[in-house]
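Take a look at the structure set out below.
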Amino acid sequence: LMPFGMGAFIRHLGQNDPQYLDKNLMRDLRFGISNALMEAIVELYPGGGSKGRRGMKLPQQLHLCLQCGGTESIDNHNAFIEAFSLGAEHFRPLRSLLKLHRNVDAL
């Protein structure tokens with residue numbers, strides 16, 4: 001799961017479906033996407049090490065670049081931070097597996 005460009009994909013949902021003009025619904029959607037990423041990481045790294053399911057070799061660390069340049073990017077950032085915090089409460093290895101970078105571009 002790669003939420004690359006999450007803002008671009010959900011930015012204009014309200015034009016297609018007016019229910020997405022609701023800020024709380026959009027916040028829940030952002031959190032749901034962010035939480036799905038955390039759940040995918042936990043599923044891939046069941047023991048927290050570099051051996052994944054079925055013996056797959058996995059990177060020892062994952063990097064998540066978050067922008068904080070405007071209202072939308074701050075909303076996305078906050079959703080990822082909230083999902084990360086919740087995920088780390090239940091799966092402690094997430095703290096060392098996922099490295100968060102603020103205002104850095106992945107490219």
Separation of N76 CG from T71 OG1 (nearest 0.5 Å): 11.0 Å

Linked, directly or transitively: I33 and L66 (ILVMFWY side chains, under 4.5 Å): yes

Approximate separation, where rounding is to 0.5 Å, of L86 CG and E39 CD: 9.0 Å

Residue pair L94 / A88: nearest heavy atoms and the distance that separates them: CD2-N, 3.6 Å

Inter-residue atom distance D75.CG - M26.CE, 0.5 Å rounding: 9.0 Å

From CA spacing to verdict: side-chain contact (heavy atoms from CB on, under 4.5 Å), I81, L100: CA-CA 9 Å; I81 296 298; L100 304 176; 3.6 Å; yes

Side chain to side chain contact (heavy atoms under 4.5 Å, CB included) partner of E82, chosen from R30, M38, R27: R27

Verdict with supporting geometry, F84 and L64, side-chain contact (heavy atoms from CB on, under 4.5 Å): CA-CA 10 Å; F84 171 75; L64 181 61; over 6 Å; no

Nearest-0.5 Å distance, CG of residue L25 to CG of residue L29: 7.0 Å

Nearest non-hydrogen partners of S96 and Q61, listed with the distance: O-NE2, 3.3 Å

From CG (L62) to CD (Q60), nearest 0.5 Å: 10.5 Å

Worked verdict on F80 versus L37 for side-chain contact (heavy atoms from CB on, under 4.5 Å): CA-CA 9 Å; F80 278 113; L37 175 63; 3.9 Å; yes

Check: Q67 side chain, I74 main-chain N or O, donor-acceptor pair, under 3.5 Å: no

Where Y45 and F91 come nearest, the two heavy atoms and their spacing: O-CZ, 2.9 Å

Heavy-atom closest contact (N103 atom, G69 atom, distance): OD1-N, 4.3 Å

NE2 on H101 to CG on L98, rounded to 0.5 Å: 8.5 Å

